[in-house]
Each structure stands twice: as structure tokens, then as C-alpha cells.
Chemist: 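Mind having a look at this structure? Questions to follow.
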Number of protein chains: 2
Amino acid sequence: MSVEDGIDFAIIELFFFAYRDFTSDPDQMLADYGFGRAHHRVLHFVNRRPGLTVAELLDVLKITKQSLARVLKQLIDTDHVVQLQGPRDRRQRELYPTAKGRALALALARPQSRRIRAALEDSGATERTLVERFLEAMVNPELRAQIDVGSAKMSGKSHGEH
Amino acid sequence: MSVEDGIDFAIIELFFFAYRDFTSDPDQMLADYGFGRAHHRVLHFVNRRPGLTVAELLDVLKITKQSLARVLKQLIDTDHVVQLQGPRDRRQRELYPTAKGRALALALARPQSRRIRAALEDSGATERTLVERFLEAMVNPELRAQIDVGSAKMSGKSHGEH
DNA sequence: GAGATTATGTCAGTACTATTGACGTAATTT
DNA sequence: AAATTACGTCAATAGTACTGACATAATCTC
């Protein structure tokens, strides 16, 4: 059962290898832009949830605002992300990807998506759902609400260029 | 199908959340020792493959020897790992966990294993195998040989105290 | 309206993990 | 004897993260 001392070393190790390789393709591409994995994460979530505020982004990423600052500033300076004053609350900054930002987010996601497709290649919808359910169950329960499982909720925002 | 632009954003995002939370429990415990995630990885593989050489460890972790040096030195200084001169080739250093090292490796793996068990709780052997196969398929093909899938191969080495 | 709170930004210092490049030593191979 | 290998170490740098402190503008509360 690949278990010693009652510990599931097999999946623990597989998870490490799988995640490392999963992030390796975008990591290499990011180097060309002078970006790192942190930029990828920010860009990913801004692209996925256009119009989210800085506070919301911090809550999703679970990092401090000081950590976000550098990365977000670089993404703004390089015209990948724009900030708009919040319509309801003018203290807030809503974050949107630019066309350039969306293109990069897509380019970074492409090899990851390809890898997933290859890993599921002989699998049907059942297997796919099972993997999704497993991954979701690995997330801390109190955070599962943050996850978009189905098609992305575009939050009814404009989604256009800014 | 939770796919936009042909990109599997759902699993990409789930994988990020899942891995982050998966590593969070040992990360917290490691802080008590003044250790980081790098120490966990080294200790894990030394524990899993007792007697592996420094070069083999570098090859598994895919880091440079300079990166390994600090971490390994600390694990040796704190009596979690010992080095033995290679029996065949005296230039080599075989790495073994001490009892203390094995205890820590086990303690760090416990919450991770618990999380996996919980995630698979209503699943049978089929689902487990499927998740294992998915994770393995996510790993770069040329590296799959390094992975111990079944019960750990203890490499025929003593496995005792050193 | 005054004061408290909130959202965001920024400065300073520190820690951890990783890198490249260079050099040294002992052991093995050719 | 010379080249190569396994390992260790020194130095400099980068990327991501942290805590703590302070500033500003906007909103909320009394």
C-alpha cells in the first residue's frame, strides 16, 4: 500500500515532484521578463478575477501587502496590470489585466494546461472530476469558498481594456 | 467544463491552493527548529533513501551543491543526519538519518499524510491509484524513474542507526 | 463635524532559498 | 603522472517572504 509507519510517503513525494515540474515551465518563461513565480500568481488571479481589490488579492494569496507591493508595482510599470479607483469606495484599487497582461497570463498557463491534459489523456470526465475533488479536498476547508471550481465567475465586471 | 480559451484554469488554480496548504503544516513545525522547507526536503529524502550520496541527493532535488550545503550542514550539526564515507568510493558521503532525524521526518510527514487520508476518505483503492497516477503523470517523464511509487525501496542498506 | 477606522502605499531591516563562479582537496580513473 | 570525479567552501547576487512603523486619503461613527 506504499505506506510505512502509517504515513503516505508515496503521495507526499509525488506531490512534491508533480508541483515542482508543474511550475517549471512558466518559471522559465518568466525569467525572460525579469519576473518570478510571485508575478505569475498575481497576474493569474488578476486575470481570473478582474476587478478584485488589493485586499482581496492579499486574502487569496495569503501574503503581506509589503510582499505584494514590489511584484504588483512591477506588473503595473510594465503595463501588465492597471489599477482603477473603486467605484463604490474610492480608497479601493480595482485590479485589471491589460491586453498584454492577459496575453502573458495565457502564455504562462498554456504549458501547465498542456501538462494537465497529457496527465489526463486517457481519462474521462469521471477521472478529471476525481482529481479536481482530490485537490479541492487538500485545501484548507475554510479557504475552499475562495476557489472558482466551475467556469470562472467574471464577477459581472466590464472585463474590457483599461 | 471549467475551461476558458482552452486553458484548464480550474486545475491550475486548485493545484496552487492544494500544494500551498499541503506544505503549510510542516512549514509551521519547522519554524520551531529554525528550519525551512529546504531542510524538510533534504530530511525527507535522506529518510526515504538512507545511504544515498550527496550527488544522488542533488540529482533528486535538482538544486546546486551550494544550496544544499547550508541546509545539510545544519541538519548534520543538529544531529538529524550523519555522513559516512562511501564503502566502495571513499570520496562519496552516504547520508543517513539519525533516530532524531527519523523522528522529525515522521513528525513532519504526519499532518501531510493525515491531510491526504482526509482528502481520500470516502475513496477506495481505485481512486487512490488514480490520484497517484495523475500526480506521476504530471512529473517530467525523464524524472519518473527517480520516484519510488510502491513501498519504499530501502536500497538494501542497513537502515540502522549510525 | 470630529475622531476612529479602513484601504492602500511605502520605508527599513531581516530571513530563507536559490543562483553563478571560483577554488581547494582527496580519491579514483585513465 | 595526469585527468577526472566527489565533495566542500567562499563570495556575490536575486527572489520571495516576513515584521514593524509611518503616511495619506476616504469612509464610517457618534
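Just so it is clear, the structure is predicted and the values come from calculations on it, not from any experiment. Chain naming here is simple, since letters A, B, ... match the order of the sequence lines and numbering starts at 1 in each.
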Chemist: Using a 4.0 Å heavy-atom cut-off to protein, can you give one letter per nucleotide of nucleotides 25-30 of chain D, 5' to 3': B if the base is in contact, S if only the sugar-phosphate is, - if neither?
Modeler: -BS---

Chemist: For A:D79, give me all partners under salt bridge (Lys or Arg N to Asp or Glu O under 4.0 Å), at least two apart in sequence or on another chain.
Modeler: none

Chemist: Measure the distance from CG on B:L61 to P on D:dC7 and round it to the nearest whole Å.
Modeler: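 Those two atoms, CG and P, are 14 Å apart.
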
Chemist: How would you list, by chain and number, every residue that makes a side chain to side chain contact (heavy atoms under 4.5 Å, CB included) with A:Q66, sequence neighbours excluded?
Modeler: A:T64

Chemist: Please enumerate all residues that pass side chain to side chain contact (heavy atoms under 4.5 Å, CB included) together with A:A107, with sequence neighbours excluded.
Modeler: A:M29, A:R110

Chemist: Assert yes or no for the condition that the ring centre distance of B:H44 to A:F9 is strictly below 6.0 Å.
Modeler: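 Here the rings of A:F9 and B:H44 have centres that are less than 6.0 Å from each other.
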
Chemist: Can you check the B:L57 CG to D:dG8 P distance for me, whole Å?
Modeler: 11 Å

Chemist: For B:R133, enumerate each residue passing the side chain to side chain contact (heavy atoms under 4.5 Å, CB included) test, keeping only those at least two apart in sequence or located in another chain.
Modeler: B:T129

Chemist: Going 5' to 3' through nucleotides 11-21 of chain C, assign each nucleotide B (protein heavy atom under 4.0 Å from a base atom), S (under 4.0 Å only from sugar-phosphate atoms) or - (no protein heavy atom that close).
Modeler: B----SBBBBB

Chemist: Write down the distance between CZ (A:R93) and P (D:dT24), rounded to a whole number of angstrom.
Modeler: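 After rounding, the gap between these two atoms is 15 Å.
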
Chemist: Can you tell me how far C1' of D:dT16 sits from CG of A:D27, to the nearest Å?
Modeler: 12 Å

Chemist: Mind calculating the distance between NZ (A:K73) and P (C:dT8) to the nearest angstrom?
Modeler: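 Checked: the NZ to P distance equals 17 Å.
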
Chemist: What pairs with A:K73 under side chain to side chain contact (heavy atoms under 4.5 Å, CB included), at least two apart in sequence or on another chain?
Modeler: A:D77

Chemist: Identify, with sequence neighbours excluded, every residue that meets side chain to side chain donor-acceptor pair (under 3.5 Å) alongside B:T23.
Modeler: B:R37

Chemist: According to ring pair (Phe, Tyr, Trp, His ring centres under 6.0 Å), who are the partners of A:F22, at least two apart in sequence or on a separate chain?
Modeler: A:Y19, B:F15

Chemist: In this structure, how many angstroms lie between the P atom of C:dG9 and the CG atom of A:L75, rounded?
Modeler: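 Whole-Å distance recorded here is 13 Å.
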
